[in-house]
Amino acid sequence: MTTDPQNPGTRGDLIKSLEHRYSPGEVRRRSQRRLVNGTGWLVWITLLSGLKRVLDVVIALVLLTLAALPAAALWLYAKSRGGGISKSVRLGRWAAPFDLYHFSCRSGLDDTALAKLPVLWNLLRGDLALIGPRAATPETNPVERLAWKRYQVRPGLICLWWIRRRANIAYATEAQVDAEYIDTQSLRGDLGIALRAIPAAFYGEGVSEAPDIIHLAGIPIHNLSMDEAVEYIADPARQDPVQICFVNADCVNIAARNAAYKQLLQQSDLVLGDGIGIKLAGKILNTHLRQNVNGTDLFPRLCARLDGTAEGIYLLGGKPGVPEDVAAWIGRNHPGVKISGTQHGYFAKEETAGVLQAIHDSGAHVLLIAFGAPKQELFIRDHLRETGVKVAIGVGGLFDFYSGRIPRAPAWLREMGGEWLYRFIQEPRRMWRRYFVGNVIFLYRVFQFRAALRRQESQNIGGA
Ligand code: UDP
């Protein structure tokens, strides 16, 4: 009889399998295998980091060659103004300090990308890698210094955190994003980050001031971060019910045609800017939108926040079976969240009273409604009090994502601000108008709005 060491049948089999497992020959074979595996892994890591370094050197050489003439011209210009190349200290790999070079022109040029050309020299020398965490300064506060993980690798010219901040989707801390980068590092990943940096460079950081409300073509957008929005919704002490709306570029277009919807947005308790279109509008209007607080990214964070609390969620909308599948997603991922109830969104008008009563009886704290904009927002406006909930939010296509009906764009595309492109590819017939016509109209509206603002400003100055 043969003995399966993983599944010994009788006591005798068990003893035999243990004897075999711990026999000198078997123990030696196992330790040899461990050594080979461990060495293989080390060789692999060394090759990978070696290759990364070789690529960095090649890229630095190519860029230095291309930039040689402009750099020389800039250096002469800097010299003529009493400047030159200046250095500032940064912390490199293993937190070893190094000098970061840049041009000091003593003019407006100092803040431009051109003045940073000498960092290519740092790249060539190996102080910096092309991709890596941001190089910390020696003054970095002690708490951040404790995020020691970043020092395991060379700091980079381009970092993942920077890209996410520019696409307004940096919901995690810098240390968390650095750790994510280091743990999942690969050459392919680095190539992806380098490519994603190109559109990110155009999105811009916005200006430093961040007003609490951004007015966009007559729609007030509340400038909250993701965490602040989640706290606002989950607040168990809330007394009066509130309506929350997400506004993306398409919603701004709808509001321009639909006066009732526009007025509702103006009167809502909280309007959150959703998507890269709103971020771009902020840039055009020279105001800074803190984060892309969209429903799809907010939802799992809200579930995590409500996990283990008494505040339940009611899911209303989507095709029959869809809200139930969303509830199943919550059950799998946040089992401590109370699901107060579910109801699909294709009930007859006469059934509305019954649906509202069921929501009321469920005692839910949060009501998520997916009927699409503006139907869901108008429904909340008309029935918020009857539902008895504390917070009602129109969430559009969110249920379709979390029920698994429609896959969501991969993270790398979202980082490039390209989620809309993915939606278009999935449903080209329904979405082409929204994105290709709608986005152009939206941008036109934003520019028109900016022109009106400027006219008003100059009139005010003239009148003053
Ligand atoms: N829906 C619904 N009842 C309706 C119309 C739509 O429940 O009478 C659902 C539909 O099944 C889908 C969601 O509402 O799940 C709307 O998704 P859409 O992507 O159109 O919303 P958007 O994000 O564009 O506002």
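Start at 1 and go down the list; that is how both ligands and their atoms are numbered. Worth saying up front: this structure is predicted, and the values here are computed from it rather than measured.
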Student: In this structure, which one of Asp250, Asn248, Asn439 forms a side chain to side chain donor-acceptor pair (under 3.5 Å) with Arg434?
Tutor: Asp250

Student: Could Arg238 and Tyr232 be counted as a cation-pi pair, given that NZ or CZ must be under 6.0 Å from the ring centre and within 45° of the axis?
Tutor: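 Yes, Arg238 lies over the aromatic ring of Tyr232.
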
Student: Do Asn292 and Tyr171 get their side chains close enough for a donor-acceptor pair, meaning under 3.5 Å?
Tutor: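 The criterion, which ignores hydrogens and geometry beyond distance, is not satisfied for Tyr171 and Asn292.
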
Student: Are the side chains of Leu289 and Asn223 in touch, meaning some heavy atoms are under 4.5 Å apart?
Tutor: yes

Student: Tell me, which pairs form a side chain to side chain donor-acceptor pair (under 3.5 Å) where one or both residues lie in residues 332-347, sequence neighbours left out?
Tutor: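 Those involving residues 332-347 are Glu324-Thr342.
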
Student: Counting only heavy atoms and a distance below 4.0 Å, can you name the residues contacting ligand 1?
Tutor: Gly317, Gly318, Lys319, Gly345, Tyr346, Ala370, Phe371, Gly372, Ala373, Lys375, Gly396, Gly397, Asp400, Arg423, Arg430, Arg434

Student: Can you classify the ring geometry of Trp420 versus Tyr435 as parallel (below 30°), tilted (30 to 60°) or perpendicular (above 60°)?
Tutor: tilted

